[in-house]
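See below for the structure under consideration.
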Protein chains: 2
Amino acid sequence: MTDSTTIPVKATRVSFDVVEALQELDEAGAAEISNHLGIPKSTAHDHLRTLEQLELVVNENGRYRTGTRFLDFGGYARQQMKIYNVARPEIRKLAEQTGEHSNLMVEEHGRGVFLYKAEGTNAVQLDTYNGYRVHLHTTAMGKAILAHFPEKRVRAILDRHGMPTVTEHTVDNEEELFEELAQIRSQGFARDLEERVRGMRCVAAPILRDDEVLGAISVSGPASRMQGERFESEIPDHVLRTANVIEVNMTYS
Amino acid sequence: MTDSTTIPVKATRVSFDVVEALQELDEAGAAEISNHLGIPKSTAHDHLRTLEQLELVVNENGRYRTGTRFLDFGGYARQQMKIYNVARPEIRKLAEQTGEHSNLMVEEHGRGVFLYKAEGTNAVQLDTYNGYRVHLHTTAMGKAILAHFPEKRVRAILDRHGMPTVTEHTVDNEEELFEELAQIRSQGFARDLEERVRGMRCVAAPILRDDEVLGAISVSGPASRMQGERFESEIPDHVLRTANVIEVNMTYS
DNA sequence: TAAATCTGTCCGATAATACCGGATGGGCAG
DNA sequence: CTGCCCATCCGGTATTATCGGACAGATTTA
């Protein structure tokens with residue numbers, strides 16, 4: 001990972017600070033962005049106008065919001081990804097079979113990216129959306145991915161992004177995490193017991209090719225349904241089987 | 001629309017030229033970007049490194065590609081849009097009912113943005129993806145939207161983006177387009193007879209609220225299935241009914 | 001209703017940097 | 001093994017991003 005202390009084009013960094021601020025504020029004017037980022041009002045306005053002319057943000061009567069052009073760039077990027085194209089129909093089937101949420105995640109820049117999700121008939125409302133990025137250690141899919149990274153790479157990720165906790169169940173100790181990753185490798189799948197969202201449980205399996213981890217898939221549902229035999233073996237069986245189908249399709253197509 | 005000749009932060013514009021070049025080239029190194037954009041190699045490299053540090057592009061052994069972080073920004077933007085949340089279940093139902101592709105489009109910066117699509121059981125493979133942007137006049141949904149814009153706004157959009165043709169059926173004459181828009185207003189829906197994709201036909205209806213057009217929905221399918229009674233009245237009925245449900249839900253929720 | 005305050009937008013001076021030429025080392029082709 | 005191309009790096013300088021302050025409109029307060 002590159003040293004982020006010497007970014008070559010600082011103006012682009014400021015523009016993206018503005019984009020991130022818009023995402024955090026939902027919609028805002030130049031004064032609000034200025035206050036939020038601690039930059040002068042006219043600087044904020046310069047960047048907003050630039051982003052608007054690039055069609056990246058929308059100005060509605062002096063209020064700005066994030067535009068859909070990001071979806072264009074991101075949607076295209078995703079569409080080019082082989083794992084996405086191969087996994088999508090299988091994720092849908094998995095959602096149908098289990099009735100729950102089924103997801104696909106990849107790692108990028110040391111973060112977990114929700115690339116695709118399908119909803120089964122009983123799926124509860126979740127906060128995730130395509131593109132949603134999380135700390136890897138906070139999700140079963142993320143841990144399934146980390147479990148197959150070299151330890152050096154895992155440590156670099158933890159150094160770069162830290163280990164914030166999001167519920168009281170989130171693992172916050174590096175050694176505990178490494179022990180858990182070893183267990184995941186041994187049993188072949190990962191579990192999330194309310195570690196990212198209180199009340200939600202998850203089973204995830206890595207997508208492997210030649211010992212390289214390409215991503216992970218999962219099924220998630222409320223703790224009330226994800227327990228007992230279903231959570232212990234039924235759901236893991238579905239997930240592992242689907243992961244294997246995806247692995248085979250990644251190799252032979 | 002703002003004057004695009006005086007962009008306040010030119011470095012951000014160059015960065016986005018690089019992002020657009022990456023999308024066009026799929027993946028590229030600094031030299032290829034340099035050739036493509038006509039800028040010095042070290043300038044291209046400066047911007048690529050900046051975008052990489054912002055986690056917007058991925059460097060794989062000196063080859064760069066668009067990252068999924070754009071999906072994060074765009075996915076979040078979309079998730080905040082009321083019309084998306086209200087329309088999504090209805091678009092799904094429409095796809096189930098008709099067996100074809102069903103789509104939702106909004107206008108942004110004078111372009112049509114495919115915000116959501118659902119695939120019915122018989123849906124053919126299409127080139128669209130969430131976030132895909134098109135010239136409004138090239139699609140039925142786009143024409144349904146333009147039909148409910150003031151003429152001045154329509155002319156401004158045509159001035160800004162032009163009227164390129166994408167198939168031999170695409171309307172390329174402004175007066176013809178305005179005649180067609182008047183007809184769309186009178187019959188309440190629009191048709192696309194192979195105007196954007198050869199072999200594909202489409203029926204679209206606007207989503208209106210207090211005479212303001214919020215977006216449009218459509219059903220599209222191959223010309224072989226989209227003909228006769230089905231194309232003349234059955235599919236239009238489905239589309240208009242769904243549009244009306246969305247309009248009601250936009251008003252009362 | 002009027003005054004005060006806040007905000008969006010604009011513009012020009014200057015401090016800061018984006019631009020980019022050229023160097024270096026690695027990979028690949030012949 | 002040699003030549004060519006590419007990725008990456010770095011420092012000088014031409015260019016611009018930054019930002020203070022002005023102005024007009026909108027909103028809030030008295």
Side-chain angles (χ1 to χ4, degrees), chain A residues 1-67 108-109 156 160, chain B residues 1-67 109 156:
Chain A
M1 280 167 222
T2 52
D3 174 21
S4 57
T5 59
T6 56
I7 195 163
V9 186
K10 293 173 182 55
T12 302
R13 129 129 277 151
V14 176
S15 284
F16 268 85
D17 288 344
V18 170
V19 172
E20 287 170 10
L22 275 183
Q23 182 156 333
E24 284 156 37
L25 298 166
D26 274 341
E27 64 151 358
E32 208 171 339
I33 298 285
S34 165
N35 289 337
H36 189 83
L37 293 175
I39 62 176
K41 196 176 55 169
S42 39
T43 304
H45 193 254
D46 287 339
H47 286 274
L48 285 166
R49 280 207 297 132
T50 299
L51 293 164
E52 184 188 359
Q53 283 177 16
L54 296 172
E55 300 184 1
L56 294 166
V57 304
V58 176
N59 177 345
E60 284 168 336
N61 301 318
R63 306 284 293 170
Y64 294 83
R65 61 173 171 80
T66 314
E108 202 173 88
H109 291 295
R160 182 175 182 187
Chain B
M1 280 165 221
T2 53
D3 176 20
S4 58
T5 59
T6 56
I7 195 162
V9 184
K10 293 173 181 54
T12 302
R13 131 128 277 150
V14 176
S15 286
F16 267 86
D17 289 342
V18 170
V19 172
E20 287 171 7
L22 275 183
Q23 182 154 336
E24 285 157 37
L25 299 167
D26 273 343
E27 64 154 357
E32 209 172 339
I33 300 286
S34 166
N35 291 337
H36 189 84
L37 294 176
I39 61 174
K41 197 176 51 169
S42 38
T43 305
H45 194 255
D46 286 341
H47 286 273
L48 285 166
R49 280 208 295 131
T50 299
L51 293 164
E52 184 189 0
Q53 284 178 16
L54 296 172
E55 301 183 1
L56 293 165
V57 305
V58 177
N59 178 344
E60 284 168 338
N61 301 317
R63 305 284 293 169
Y64 294 83
R65 61 173 172 80
T66 314
H109 292 294

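On a predicted model such as this, the values are computed, not experimentally measured, just so you know. All chains are named by letter (A, B, ...) in the order of the sequence lines, taking the proteins before the strands, and each is independently numbered beginning at 1. All values below come from the heavy atoms of this structure, side chains included, with hydrogens, waters and symmetry mates left out.
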Would you mind telling me which residue lines up with the more 5' stretch of DNA chain C, A:T12 or A:K41, judged by nearest nucleotide?
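Whichever sits nearer the 5' end wins; that is A:K41.
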With DNA chain C as reference, determine whether A:K10 or A:E32 sits nearer its 5' end, using the nearest nucleotide of each.
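Whichever sits nearer the 5' end wins; that is A:E32.
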Whole angstrom is fine here: how far is it from [atom1] in [X] over to [atom2] in [N]?
| X | N | atom1 | atom2 | answer |
| --- | --- | --- | --- | --- |
| A:L51 | C:dG8 | CG | P | 16 Å |
| B:L37 | C:dC20 | CG | P | 12 Å |
| B:E27 | D:dA7 | CD | P | 11 Å |
| A:Q53 | D:dA17 | CD | P | 12 Å |
| A:I33 | D:dC19 | CD1 | P | 15 Å |
| A:R63 | D:dA26 | CZ | C1' | 13 Å |
| A:I39 | D:dC19 | CD1 | P | 8 Å |
| B:E52 | D:dC9 | CD | C1' | 14 Å |

Return the [atom1] to [atom2] distance between [X] and [Y], rounded to the nearest 0.5 Å.
| X | Y | atom1 | atom2 | value |
| --- | --- | --- | --- | --- |
| B:L56 | A:F16 | CG | CZ | 4.5 Å |
| A:E27 | A:N59 | CD | CG | 10.5 Å |
| A:R63 | A:L22 | CZ | CG | 10.0 Å |

Which nucleotide in [options] has an atom nearest any side-chain atom of [X]:
| X | options | answer |
| --- | --- | --- |
| B:Y64 | D:dC9, D:dT18, D:dT8 | D:dT8 |
| A:H47 | D:dT18, D:dA17, D:dC9 | D:dT18 |
| A:S42 | D:dG21, D:dT18, C:dA18 | D:dG21 |
| A:D46 | D:dT18, C:dA18, C:dC20 | D:dT18 |
| B:P40 | D:dT18, C:dC20, D:dT8 | C:dC20 |
| B:N59 | D:dT8, C:dG8, C:dC19 | D:dT8 |
| A:A30 | C:dC20, C:dT7, C:dT9 | C:dT9 |

Out of the candidates B:D17, B:T43, B:V18, only one should pair with B:I33 under the side chain to side chain contact (heavy atoms under 4.5 Å, CB included) rule; please name it.
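The option that passes is B:V18.
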Identify the residue among A:D46, A:L51, A:V9, A:V57 that makes a side chain to side chain contact (heavy atoms under 4.5 Å, CB included) with A:S15.
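When side chain to side chain contact (heavy atoms under 4.5 Å, CB included) is applied between A:S15 and each of A:D46, A:L51, A:V9, A:V57, only A:L51 qualifies.
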Does some side-chain heavy atom of B:E32 sit less than 4.5 Å from a side-chain heavy atom of B:L25?
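Heavy-atom side-chain distance check passes, below 4.5 Å.
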Residue pair A:P8 / B:T50: nearest heavy atoms and the distance that separates them
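Minimum heavy-atom contact is CD-OG1, 3.3 Å.
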Can you tell me if B:R49 touches the phosphate of D:dC9, counting only side-chain N or O atoms and a distance under 4.0 Å to OP1 or OP2?
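Result: yes.
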Think B:H45 has a side-chain N or O under 4.0 angstrom from the OP1 or OP2 of D:dT8?
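Checking D:dT8 against B:H45, a side-chain N or O does come within under 4.0 Å of OP1 or OP2.
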Flag the pair B:E55 and A:R160 as a salt bridge only when some basic side-chain nitrogen lies within less than 4.0 angstrom of an acidic carboxylate oxygen.
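A salt bridge links B:E55 with A:R160.
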Overall bend - the helix from C:dT1-D:dA30 to C:dG30-D:dC1, comparing terminal axes fitted on five pairs, nearest 10 degrees:
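Here the helix ends are tilted 50° relative to one another.
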